[in-house]
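Take a look at the structure set out below.
Treat the numbers as computed from the prediction; the structure is a model and nothing was measured. Proteins come first, then strands; the chains are lettered A, B, ... in the order of their sequence lines, and each starts at number 1. FYI, side chains are in, hydrogens and waters are out, and symmetry mates aren't considered; it's all heavy atoms of this structure.
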Amino acid sequence: MADHPSHDPLAGVPFDRVPPAGAYGVTGEPGIVASTADEPFIALVIARNGHAASVAGRLSRAFGSEVADRPRAAITAASTVIGTAPGRFLVLSKTETDLPGTLRALLGAEAAITEQGDAYVAFDLAGDKVPELLAKGALIDLDPRVFRPGDAATTVLAHVGVTLWRASETSWRVLVARSLEASFTRFLIASGAEFGLRLDGRAPGRG
Amino acid sequence: MSAPNRNRLASGGLIDRSKPLAFSFDGTDYHGYQGDTLASALLANGVRLVGRSFKYHRPRGIFSAGAEEPNALVELRAGARREPNTRATVTELFDGLEATSQNRWPSLALDALSVNRFLSPFLGAGFYYKTFMWPASFWEKLYEPVIRRAAGLGRAAVEEDPDHYEKATTFCDVLVIGAGPAGLMAALAAGRSGARVILADEDFLPGGGLNAEAGDVDRQPAPAYAAQVTAELASLPNVRVMSRTSVFGAYDSGTYGALERVSDHLAVPAPFQPRQRLWRIVARRAVLAAGATERPIVFGGNDRPGVMLAGAVGTYVQRHAALPGQAMALFANNDGAWRGMLAASVAGAHVETIVDVRTDVAPALVAAAQARGIRVLTGAQVIATHGKTLRRIEVATATGRERIAADTLAVSGGWSPSVHLTCHHGGKPAWNETLAAFVPGTCPPGLTVAGAAKGLFGLGACLRDGAAIGAEAAQALGFAVPAPDLPDMADEAFALTPFWHVAGSKGASFVDLQNDVTAKDVGIAHKEGFRSVELLKRYTTLGMATDQGRTSNVTGLAIMASLTGASIPETGTTIFRPPYTPVSLGALAGHHRGKDFRPVRLTPTHEWARAQGAVFVETGAWLRAQYFPRPGEKDWLETVSREVTAVRSSVGLIDVSTFGKIDLQGSDVGAFLDRVYINGFAALAVGKARYGVMLREDGLVMDDGTTARLAPEHYVMTTTTANAAKVYQHLEFCLQALWPELDVSLASVSEQWAQIALAGPRARDVLARVADGDVSNAALPFMGAIEGSVMGGVKARLFRLSFSGELGFEIAVPARHGAALAQALMQAGAEFGITPYGTEALGVMRIEKGHVSGNELSGQTTAGDLGFGRMASTKKDYIGRTLAARPGLTDPDRPSFVGFKPVDRARRLRAGAHFLKLGAPPDMANDQGYMTSVAYSPHLGHWIGLGLIKRGPERLGEHVRAYDPVRGEEIEVEICAPGFIDPEGVRLRG
Amino acid sequence: MRIPCPYCGERDAHEFAILGDATLTRPDPAAPDAETRFHDYVYLRDNPAGAHEEWWYHANGCRQWLRVKRDTRTHAISGAVAARADATSPRDAA
Amino acid sequence: MRYSFLSLLANGLSGQSRWTPAWRDAAPKPAYDVIVVGGGGHGLATAYYLAKVHGIRNVAVLEKGVIGSGNAGRNTTIIRSNYVLPGNEPFYEWSMKLWEGLEQELNYNAMVSQRGILNLFHSDAQRDAYARRGNAMRLAGADSQLLDRKQVRAMYPFLDFDNARFPIQGGLLQARGGTARHDAVVWGYARGADRLGVDIVQNCEVTGFLREGDAIVGVETTRGAIRAGKVAVAVAGSSSRVAGMAGLRLPIESHVLQAFVSEGLKPLVDGVITFGAGHFYISQSDKGGLVFGGDVDGYNSYAQRGNLPIIEDVCESGMALMPRIGRLRLLRHWGGIMDMSMDGSPIIDRTPVPGFYLNAGWCYGGFKATPASGWCFAHLIARDAPHEVAGAFRLDRFRTGHLIDEKGVGAQPNLH
């Protein structure tokens, strides 16, 4: 080990700490920019038995984008609604400070609402190399020709359960359980180092 | 340095003579060129002795030019990067390469254990099973250590592997395995259709056999044609060419395992590059175009350095411009080998003699050989070899015997299609009489075989077949395939007479070169009844070496068949298990090693706890604060006792966010809880929580926890940390599979809520300063559960619960506020000396209180065992109720839950000690149960324990032995009720 | 091994947990021979070499319990449906 | 032919020409006192002890393929008696004792090698569980030692002590544990049984049972009908199928367990090590290959092969435990069909069908049990009463609730 330096992008970073913001891996223009700066309000909507279609319809009308009862992300400037299971939707909003209240008012007895805004850390991943990075952890087909903008999946990345979707041609989002933020970030850094990865952390304040 | 290599042709080959590469073997410096393998470079430098065999330590040379290599295994690199058993034949040469021979001492040329070969008359197959039994005790002490030291091949590195590994998954329509003629054409046909194609090839240069082909293809040299097709493939956006990538296994549902050697051709990996990458390739269709492996003929002295497969000679001459020797002979049974040797001769090799077992070799071939000055002996056999490395061969002809000078003997007994991956789903290859070879049998679903791998041995046939199979694969998936443009190629006729073993040989005739299995060993196996192929392999170890029997399996089978008189297919088939070629363990592990072995879960207060000086402990995936030592404390026990005392006397706090937390909503939650808990929940009032015990359907306890009713149709359940996922899965099963009619929605909120337990007589005083509302006993009585807010508006759930037995609260806030809550509580409790405590103190207090936890919820205990018998409702059905009534689970003799005190209060108790009656001999019949949990109780000033003992609750006050021989201890303990402190529960109701 | 989750699409079996035979029905606890029936339900298995219908839980996905039809000799999977009657496949509905 | 220095010498000098078959490849007779179905280690050991201990020599072992081609040849060769429950531990300790004299008993070197088995623990709760187990072992007369981290480090300094995700805290050592050469065990019992007159009939698959009323009085096979006083079945992996022919449903599922071997290496791992924070155990064969394994793949299977997730899981655990093995290579992996019972423990019992005796449910622990399984099954067959160390292995224990669940995971075979 002594004779050659090893290139460990995580050298010196304790495993039980979220790695600090900064540049990791090869130098130069980063192939991937990862950020947790955006902290949406999040709630889980569970349609009660038999109400999945109706709930999807109401969500579509309220959030202005076609919500389907399938693994898709319905995206607008202010919100994203993702199907995670039959009759289950994760609603993300940048603006609804009382998202559960809004949803209860909207859906009434048709759905159970659970606040989840603190359950997840939302990663924004941008750059051409994102699919290659994610392929190092995912067991699903994330080829950009197959996994199109708006496609979503609840799956596992390198032993970490995630809900991810492709927000646009070049950006991807991943929701990770809050307790696993450090480990997931380590995966991103270890897998993204060959492309160069810039990590933008959360703004202090809400965290 | 750049002087030409001794055995290097002046021109030709696919090496770059402008790029010399320095390397060393056994400490001697050499050089080769870009495009060499270690084997070709060694040959070019005239190195012929490269290794020692496994058992007899016989000198061995390079035998092949590929993954089938049985002899030329080296330790590559050094130090922490040492790679034992590396095949020189597939090792791409790089500048600075360092290789060492292995399995020899003190040196390759002078190996002490080569004396084994003089013992070889006694060391035949099965030898070990018949001896070393006298006296019995000598096996571990003497025989086995000697055998173990002598066995094995290379040495593992001593240090940790410094390189990185990765794993990745990719998907395609058509996976083409092998980039030889058939594979290239298959990839081209499928690629031109627009299908997503992956072409994976183990070599660093695509082309396979084309790169060793002397003739033209499509009016250009074969290697140039390969390069042209490769270039087109690389230009197609839907095609990915993966060189240095071995597809090693065919797994279920079209998943293939592949190993990409990202950096093995470099001295060290480039910055942030892995050494190797494991690929999981999910393919809708696969084309196996893995080619074929040449097999030798078995004869006396066939293992001498200088004896080499004929095709390998062709590869070294044509592709690497390296001459394996200066005076070559061929021993063959087929025309293909002749053509290869003639081409090598044209390229500059000195081929002097051809020996063929056949008498009817095509006159044109004989004439062509003779025209090049080659002596031809037909109807002849090589019966022996001579020289330390080969110097002469001994040939038996119709007229007699003669010795012929040769330093290289090319051998060809025909070709075995590389059917390996076709066997990975259990498919058995089928014997083809014409080819005298096994060809693919039933293939894994979606996989078809093309080219030589299915027994097509002509170049033109392989090209055509590859194109057809590639097109067929794409078409089957709905892609329109343009008509492929095929090079115009005529094929030479296939002519081979099966021949396996020169029966009248002199000296040992090796079937399996690496494991030193001889034809005689096959004979022993036959005599002793190990005649089926499975028994033959196991008894003789034939085919079990690192080359997986590529050059030996069929020959061994054929020799056995000739002994039994049965046909080869009757004797058995050679099947192959994955991996196709050995795969490094590092690659299979990928990034998941060291601290990254498994993800770590951190509590919302992790950083806060660290700042408080916490020592952390792994609790499943979680890292939790174990205790918070302070300067001057001499050990953990002092720290923990301080924490416990602080809680019992004033107030303390602990993060309990790791508990599973499940939101249940709907009109049927109460009914649902009634079915999953043994006790009743339907009548639980809003604003109240209740402790519940859950069974598995087999009647044993699964988990416990509290469930609170926050609103008429909204409940929140807590589970133990360990069982959080299991309980959630169980509840989903009940709801989705058993009772889908129930109106209940489940949502895990474990991550959403940070939860902090605040306990101690001053707990309410502290909470009152942090909570925004009333937390008086009236507003929040024991087992109360309310929603409110803390810290001036942070949403909170407040529970009046106690695990410690003290006045206690659990305060849940959205996770991001967890650390702030801890800080606020610390501040509010400062005047009471509020103390953060860890899992150890929590454990002490629950043991003092007599609560069960993980050690008691072992999956082996019933509700009755744990003292919950009376909790179980008799008015309703619930999961586990029926089977919990079985006699074995209701036997009053079952070990049941009680407490224990040391009779001598100064003694320490140990969990895991077994209970014996006083005076009873220590044996299994007298085993009465065991201590599940122990703690030092600072409150009582002595150790206390919880445990399970036969009829425990009936025996309070009785003394028994706590027997703990693994720690050399045995002490007398008194059985007592499990609640050591405040058994009436005054404190927690205070 | 890849399992066609009706909601998520084809996923690696690594994402799932298996519970076993899905042809068994939880007995009526009020039946007079309930203990025998529960014994059979909890413990006895046909354990066929061939077609097998089994419970798989998509733990790292949609958390649905699926009935998967799989051949225990070849591992070939011929179909998967969600346990819940009303949780029809969105692909079927489309 | 008895193996001795003399016979070895004579054969060495005669060009190994005088060896005779290790056992006769017998043709089936029309009837036997006892038919043992299954020519694996357990079946052959049963036949051997029937003949040797109970004098019942008119016995046939029927094997559908060649002997030892099932799980007997598809395991990681570990022998140990480190169980905790009273139903198990005395049995496995009896097996250990039989291993210790086996080679002299059989005149066959099965390479029984007691280089020790070390179970690592990584938490206080695991330590407590291992202490409980170690003490139970002592109660049953077995050996056990609870080692601390320092002692483990002295034994195996190359384990990851400094950068482990789940630090090693210590281990439970059974010094008498170790390995045996699995094939040789089969061959040794076959040779021993054959010499006592047992017919070993290969390529003879049982296709049905001969019945008289309720009772089973023989078998139908691919080589014809054969009558028997008693039919004893020891066909782990196929137990459900064979019992099904007799109309029995069993508390057993068939699962695949993979095993792995590396390329041959100079000595690296002396004894057997099991990782307590993942699914991994490892030893090194006398030939130099690292032999290792992990968990079952988890799903019912008769395919004798597994999949990548478990292979990766095992190698991740291996690298976490021994980070020096990264550059070593996996040479082969294969799968065996495990008879996974519903409480993780075996069955040696009569059945409700008269004349039908069952030996089944060995999960992944069958190899180490081979001698005692044969001994106790022979006892049961000969005397129609269970042997004292196997008395808990009853078929009806699931009905009565007298479960033997070492892991406490309940009726979920893939978790045992």
Just so I know, are the side chains of [X] and [Y] near enough to count as touching, which here means a heavy-atom distance under 4.5 Å?
{"X": "D:Phe292", "Y": "B:Leu585", "result": "yes"}
{"X": "B:Met544", "Y": "D:Arg332", "result": "yes"}
{"X": "B:Met133", "Y": "D:Gln104", "result": "yes"}
{"X": "D:Arg305", "Y": "B:His425", "result": "yes"}

Which residue out of [options] racks up the most heavy-atom pairs below 4.5 Å with chain B?
{"options": "D:Glu103, D:His333, D:Glu406, D:His402", "result": "D:His333"}
{"options": "D:Ala22, D:Gly288, D:Gly134", "result": "D:Ala22"}
{"options": "D:Leu172, D:Asp313, D:Asn163", "result": "D:Asn163"}

Contact class of [X] relative to chain B, heavy atoms under 4.5 angstrom:
{"X": "D:Met111", "result": "both"}
{"X": "D:Leu331", "result": "both"}
{"X": "D:Val186", "result": "neither"}
{"X": "D:Glu263", "result": "both"}
{"X": "D:Val185", "result": "neither"}
{"X": "D:Ala129", "result": "neither"}
{"X": "D:Asp286", "result": "both"}
{"X": "D:Asp183", "result": "side chain"}
{"X": "D:Ser285", "result": "backbone"}
{"X": "D:Ala303", "result": "neither"}
{"X": "D:Arg191", "result": "neither"}
{"X": "D:Glu89", "result": "side chain"}
{"X": "D:Val409", "result": "backbone"}

Within the distance-only criterion (no hydrogens, no angle test), does the side chain of [X] pair as donor or acceptor with the backbone N or O of [Y] below 3.5 angstrom?
{"X": "D:Arg165", "Y": "B:Ala621", "result": "yes"}
{"X": "D:Arg329", "Y": "B:Thr546", "result": "no"}
{"X": "B:Arg148", "Y": "D:Gln284", "result": "yes"}
{"X": "B:Glu140", "Y": "D:Gln114", "result": "yes"}
{"X": "B:Asn85", "Y": "D:Gly264", "result": "yes"}
{"X": "D:Asn135", "Y": "B:Val966", "result": "yes"}

Of all heavy-atom pairs linking B:Glu840 and D:Asp124, the shortest is OE2-OD2, 3.5 Å

Can you name the nearest heavy-atom pair linking D:Gly410 to B:Asp698, along with the distance? CA-OD2, 3.4 Å

Determine whether D:Leu321 and B:Phe597 satisfy the following criterion, side chain to side chain contact (heavy atoms under 4.5 Å, CB included), listing intermediate values before the conclusion. CA-CA 9 Å; D:Leu321 180 65; B:Phe597 167 48; over 6 Å; no

Proximal component of [X], with respect to chain D [non-hydrogen, under 4.5 Å]:
{"X": "B:Arg910", "value": "neither"}
{"X": "B:Lys167", "value": "side chain"}
{"X": "B:Lys520", "value": "side chain"}
{"X": "B:Thr932", "value": "backbone"}
{"X": "B:Val934", "value": "neither"}
{"X": "B:Leu916", "value": "side chain"}
{"X": "B:Ser532", "value": "side chain"}
{"X": "B:Arg696", "value": "side chain"}
{"X": "B:Leu700", "value": "side chain"}
{"X": "B:Met702", "value": "neither"}
{"X": "B:Ala884", "value": "neither"}
{"X": "B:Tyr539", "value": "both"}
{"X": "B:Gln626", "value": "side chain"}
{"X": "B:Asp252", "value": "both"}

Return the [atom1] to [atom2] distance between [X] and [Y], rounded to the nearest 0.5 Å.
{"X": "B:Lys130", "Y": "D:Trp19", "atom1": "NZ", "atom2": "CH2", "result": "4.0 Å"}
{"X": "D:Leu403", "Y": "B:Leu889", "atom1": "CG", "atom2": "CG", "result": "6.0 Å"}
{"X": "D:Arg327", "Y": "B:Leu76", "atom1": "CZ", "atom2": "CG", "result": "8.5 Å"}
{"X": "B:Glu160", "Y": "D:Met319", "atom1": "CD", "atom2": "CE", "result": "7.0 Å"}
{"X": "D:Asp25", "Y": "B:Arg531", "atom1": "CG", "atom2": "CZ", "result": "8.0 Å"}

Do B:Asn103 and D:Lys266 pass the side chain to side chain contact (heavy atoms under 4.5 Å, CB included) test, and can you show the C-alpha distance, the side-chain angles, and the key distance before you say yes or no? CA-CA 8 Å; B:Asn103 199 33; D:Lys266 290 298 174 194; 2.7 Å; yes

Step by step, would you call B:Thr255 with D:Asn307 a side chain to side chain contact (heavy atoms under 4.5 Å, CB included)? CA-CA 9 Å; B:Thr255 302; D:Asn307 277 295; 5.9 Å; no

Let's go through D:Phe166 and B:Arg598 carefully: what are the C-alpha distance in whole Å and the side-chain angles of both, what is the deciding distance for side chain to side chain contact (heavy atoms under 4.5 Å, CB included) to 0.1 Å, and is it a yes or a no? CA-CA 9 Å; D:Phe166 300 100; B:Arg598 288 292 176 262; 4.2 Å; yes

Lys/Arg N to Asp/Glu carboxylate O, B:Asp927 vs D:Arg138, below 4.0 Å: no

Would you say the side-chain atoms of B:Glu144 and D:Ser113 include a donor-acceptor pair closer than 3.5 Å? yes

Kindly assign one of parallel, tilted or perpendicular to the pair B:Phe530 and D:Trp23, based on the angle between their ring planes and the thresholds 30° and 60°.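 The rings of B:Phe530 and D:Trp23 stand perpendicular, inter-plane angle above 60°.
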
Validate the cation-pi geometry between D:Arg132 and B:Tyr930: distance from NZ or CZ to the six-membered ring centre under 6.0 Å, angle to the ring axis within 45°.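 Pair D:Arg132/B:Tyr930 counts as cation-pi.
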
Check against side-chain hydrogen bond (donor to acceptor under 3.5 Å, both in side chains), B:Tyr129 and D:Arg181: CA-CA 9 Å; B:Tyr129 306 124; D:Arg181 170 89 176 96; 2.8 Å; yes

